[in-house]
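Below is one structure, written out as structure tokens; comments come after it.
All values below were derived from every heavy atom in this structure, side-chain atoms included, with hydrogens, water molecules and symmetry-related copies excluded.
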Amino acid sequence: MTSTSSETRRFRAADLGTLAVMAFSGEAPDGDMPYLLAYSLGDGEGGAGASTVAIEELLRSNGLPIGDTLLDGSRQPSLPLTLLVEAGQAVVTMPYLNAQCVVPPEWLVAVGERGYAYFLFATRAWPEAEPGRPVAPESLAAFAGDEETLLSAAHVLLPARSLRG
């Protein structure tokens with residue numbers, strides 16, 4: 001006899017590991033797209049595997065689908081995920097995550113024109129991309145453009161807000 005457990009694992013923030021957010025822009029058919037990439041270094045108590053599970057739980061508990069669904073945050077007023085753009089920085093806030101990063105000038109131009117950024121929250125750990133250290137464009141493209149990364153991530157068009165209203 002086989003049984004399936006319906007027990008849900010208790011979320012442990014310590015399993016998330018070090019979370020980071022990186023801003024970059026890229027060409028899109030209708031002009032530059034501002035991207036924000038959130039990821040874990042996979043250095044939590046249970047390693048990269050536990051980080052992946054914890055991020056999946058965090059995303060699902062906040063109503064963020066994982067996979068190839070693109071969520072339009074402007075149509076989800078109760079979305080517990082916000083983006084504040086101020087003084088050359090992007091600040092992303094959601095439960096268990098409050099991260100800010102300096103953004104390049106071309107990112108600011110792109111988010112100013114569009115009014116939103118494409119937020120990608122990877123469930124896959126990326127230990128090579130330590131905060132504060134430069135990441136080679138080829139390394140960023142290899143991680144952020146990898147099919148495994150894309151199909152196991154949350155994708156959100158996140159409206160940009162500013163203090164100036």
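With sequence neighbours excluded, no residue forms a side chain to side chain donor-acceptor pair (under 3.5 Å) with Thr82. Glu45 pairs by the salt bridge (Lys or Arg N to Asp or Glu O under 4.0 Å) definition with Arg12, not counting sequence neighbours. Among residues two or more places apart in sequence or in another chain, the side chain to side chain donor-acceptor pair (under 3.5 Å) test is passed with Thr149 by Arg124.
Checking side-chain atoms of Asp146 against main-chain N and O of Glu148 turns up a donor-acceptor pair under 3.5 Å. Formation of a donor-acceptor pair under 3.5 Å by the Thr123 side chain with backbone atoms of Thr52 is not found in this model. The backbone N or O of Ala50 sits nowhere less than 3.5 Å from a side-chain atom of Asp15 that would complete a donor-acceptor pair.
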In residues 88-111, what donor-acceptor pairs under 3.5 Å come from side-chain atoms, sequence neighbours left out?
unit_1 : atom_1 : unit_2 : atom_2 : d
Gln89  : OE1    : Gln100 : NE2    : 2.7
Trp107 : NE1    : Tyr35  : O      : 2.9

Distance-only donor-acceptor hits, side chain of residues 69-76, under 3.5 Å, sequence neighbours excluded:
unit_1 : atom_1 : unit_2 : atom_2 : d
Asp72  : OD1    : Ser74  : N      : 3.0
Asp72  : OD1    : Ser74  : OG     : 2.6
Asp72  : OD2    : Ser74  : OG     : 3.4
Asp72  : OD2    : Arg75  : NE     : 3.3

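In this structure, the side chains of Arg60 and Ile66 come closer than 4.5 Å at one or more pairs of heavy atoms.
Cluster membership for Val156 and Tyr118, using ILVMFWY side-chain heavy atoms within less than 4.5 angstrom, is not shared.
For residues 39-73, the ring-ring contact (aromatic ring centres under 6.0 Å, His included) pairs, not counting sequence neighbours, are Tyr39-Trp126.
Within 6.0 Å of the CG atom in Asp30, the count of heavy atoms belonging to other residues, nucleotides or ligands exceeds 12.
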